[in-house]
Amino acid sequence: MYNILLVCNQGMSTSFLVEKMKQAAQEKEKDVTIWAVSDAELNENWEKADIVLLGPQVSYLKSTAEKAVGNSIPIEVIDFLDYGRVNGEAVLDKALKSINKD
Amino acid sequence: MSSFSKTRIVDRFAAVAQKLGGQIHLRTLRDAFASIMPFIILAGFITLINSVILEPTGFMGKIINPDTLTTWQSIGESITNGTLNIMTLLIAVAIAYHMCVNRGYKNVIAPILVVLSTMIVVTPLTTTFTPEGAAESFLVSDVIPISYTSATGMFVGIVVGLLATELFIKLSSSSRLQIHISGNIPPAVIKSFNVLIPIMINVIIFAFASFLLNLLFSMDFNTLITSMITKPLSYITTSLPGFLIITSIANLFFGFGIHQAVISGPILDPFLLQNMQDNMIAFANHQEIPHIINMAFKDTFAVMGGSGNTISLLIAIFIFSRRKDYKDISKMTITPAAFNISEPIIFGLPIVFNPMLIIPFVLAPIFSLTVAYYATALGLINHVVVQTPWTTPPVISGFLATGGDWRAALLQIIIIAATVFIYLPFLKVDERVNAMQMAKKSE
């Protein structure tokens with residue numbers, strides 16, 4: 001069971017990616033919970049997550065987010081092409097790889 | 001592209017964005033405005049219903065008894081009172097909350113109450129009233145004037161919200177100001193005592209500061225802030241040149257992959273919202289509309305299909321592009337684009353780090369906003385008077401935002417069509433450069 005949190009400016013555009021990632025997870029029969037929030041809601045959400053993925057448009061938040069989670073979970077910026085092309089599978093694979101690395 | 005994305009300019013942009021995006025007060029402002037947005041949209045919706053549909057002198061007045069319509073309007077008016085007319089209080093409370101969250105301060109309710117209390121402390125609870133036909137005006141006491149709690153006083157809400165919360169968090173983290181009680185006392189009781197002294201000091205400081213300012217400048221706190229801070233800043237940010245420059249800088253940031261809200265959120269939005277609310281109130285009261293540039297004006301004419309009016313880029317690609325990958329991506333991004341979400345095309349095509357597409361991405365909104373500005377100024381379309389959600393699809397958004405003016409919807413179509421030809425030459429050059437690169441690679 002993995003929990004993946006996506007963060008973008010308003011949690012709007014990222015929600016498209018969330019749907020695609022869920023589909024990919026279902027096809028791979030992986031048990032994951034994926035959800036998207038705005039950067040303002042990061043503080044209330046990261047504790048439930050195994051990894052935080054930042055949309056490329058909020059990549060500047062990386063150091064702030066790292067400070068907030070105190071290096072307890074990985075924080076990654078989603079590759080901008082994967083993000084724009086809503087490549088749910090690639091983002092999911094990279095996220096799972098990052099979680100398992102720890 | 002890859003070499004460009006690693007250049008020093010990009011690093012500069014990222015560094016500035018990190019500073020701005022991470023700066024706690026600017027962040028707090030941005031988050032707070034996002035929190036109160038639903039109330040503003042509700043107010044816009046109600047204004048639309050009250051002034052267009054339920055208007056007794058309008059078309060409904062011929063179907064339903066005008067007196068009945070006036071009664072129904074009063075429901076909407078009470079909603080306006082609870083949203084638009086207390087916007088300054090809402091923003092102050094939202095700032096207190098987000099400041100606590102961003103500072104990691106746990107006892108959120110105390111600063112919220114302190115801010116609400118201080119807001120009233122610095123507000124004069126009197127207003128002047130001139131009865132019809134009377135030569136002299138009366139001073140009415142025991143009222144909270146709407147002019148102080150509505151958008152007009154918004155900067156007071158921002159200043160008090162930020163200052164009072166900061167002060168409170170500072171005071172309450174000082175261990176010397178906490179009451180130490182020994183014995184078997186429940187933690188909740190101790191907690192209530194521990195905020196007691198900071199609350200008292202905080203409110204008293206604001207009361208004295210407000211009193212002193214009044215004495216020194218013979219102006220109340222609200223009027224002072226409004227005339228010294230709000231008016232000049234608003235003049236700079238919401239005049240056409242200032243507005244275009246800030247919007248363009250924000251879009252340029254987006255061209256480097258950093259969300260435009262980092263810039264426009266704290267610098268532009270407070271003033272645009274204030275103008276928006278002035279307009280909504282004027283529209284509801286059948287007065288002359290004061291501002292052309294406001295929040296929904298920007299969304300309606302410069303965020304069609306998303307930032308940069310990218311709906312026009314999609315159209316340009318569909319009609320004129322020879323690249324299959326561009327067409328495929330455009331097909332995929334048409335759904336989000338219908339709701340003005342442009343991140344998929346910005347990052348997917350990509351526009352980011354691609355100078356040939358960044359240029360029209362910045363130019364298109366400048367063109368669109370200028371055209372819409374003069375169209376409004378010349379009276380070709382009605383002023384934008386209603387806050388619509390930014391996700392309202394283009395053409396519908398123009399109709400709704402102007403209180404039901406079809407000419408604004410038509411203008412949106414014209415702007416979209418014209419903007420296609422702003423994107424087109426750059427798209428062609430981009431495709432040629434790309435083809436040349438491909439040819440080089442295959443050599």
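Each chain gets a letter, A, B and so on, in the order its sequence line appears, and its residues count up from 1. Model, not experiment: these values are computed from the prediction.
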Taking side chain as everything from C-beta outward and backbone as N, CA, C, O, which of these in Thr391(B) sits under 4.5 Å from a heavy atom of chain A? Side chain, backbone, both or neither. side chain
Start with the C-alpha distance between Val58(A) and Ile258(B), add both sets of side-chain angles, then the distance that settles side chain to side chain contact (heavy atoms under 4.5 Å, CB included), and finish with yes or no. CA-CA 6 Å; Val58(A) 291; Ile258(B) 295 146; over 6 Å; no
Residue pair Asp39(A) / His259(B), side-chain heavy-atom distance below 4.5 Å: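 They are not in side-chain contact.
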May I ask you to check whether over 12 heavy atoms, not counting those of [X], lie within 6.0 Å of atom [atom1]?
X: Phe45(B); atom1: CZ; result: no
X: Lys30(A); atom1: NZ; result: no
X: Phe39(B); atom1: CZ; result: no

Just how far is it from atom [atom1] of [X] to atom [atom2] of [Y], taken to the nearest 0.5 Å?
X: Leu81(A); Y: Ile329(B); atom1: CG; atom2: CD1; result: 8.0 Å
X: Ile341(B); Y: Ser15(A); atom1: CD1; atom2: OG; result: 6.5 Å
X: Glu343(B); Y: Phe80(A); atom1: CD; atom2: CZ; result: 14.0 Å
X: Tyr60(A); Y: Phe253(B); atom1: OH; atom2: CZ; result: 10.0 Å

If you count heavy-atom pairs under 4.5 Å with chain A, which of Arg30(B), Gln260(B), His98(B) comes out on top?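 Of the options given, most contacts go to Arg30(B).
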Ser38(A) portion near chain B, given a 4.5 angstrom heavy-atom threshold: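 Neither part, no heavy atoms under 4.5 Å.
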What are the two closest non-hydrogen atoms of Glu44(A) and Val101(B), and how far apart are they? OE2-CG1, 4.0 Å
Using the six-membered ring wherever Trp is involved, compare the ring planes of Tyr83(A) and Phe347(B) and label them parallel, tilted or perpendicular (cut-offs 30° and 60°).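 Plane angle over 60°, so perpendicular.
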Pull out the residues in residues 85-94 of chain A that come under 4.5 Å of chain B, heavy atom to heavy atom, sorted by number.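 Within residues 85-94 of chain A, the residues that come under 4.5 Å of chain B (heavy atoms only) are Arg85(A), Val86(A).
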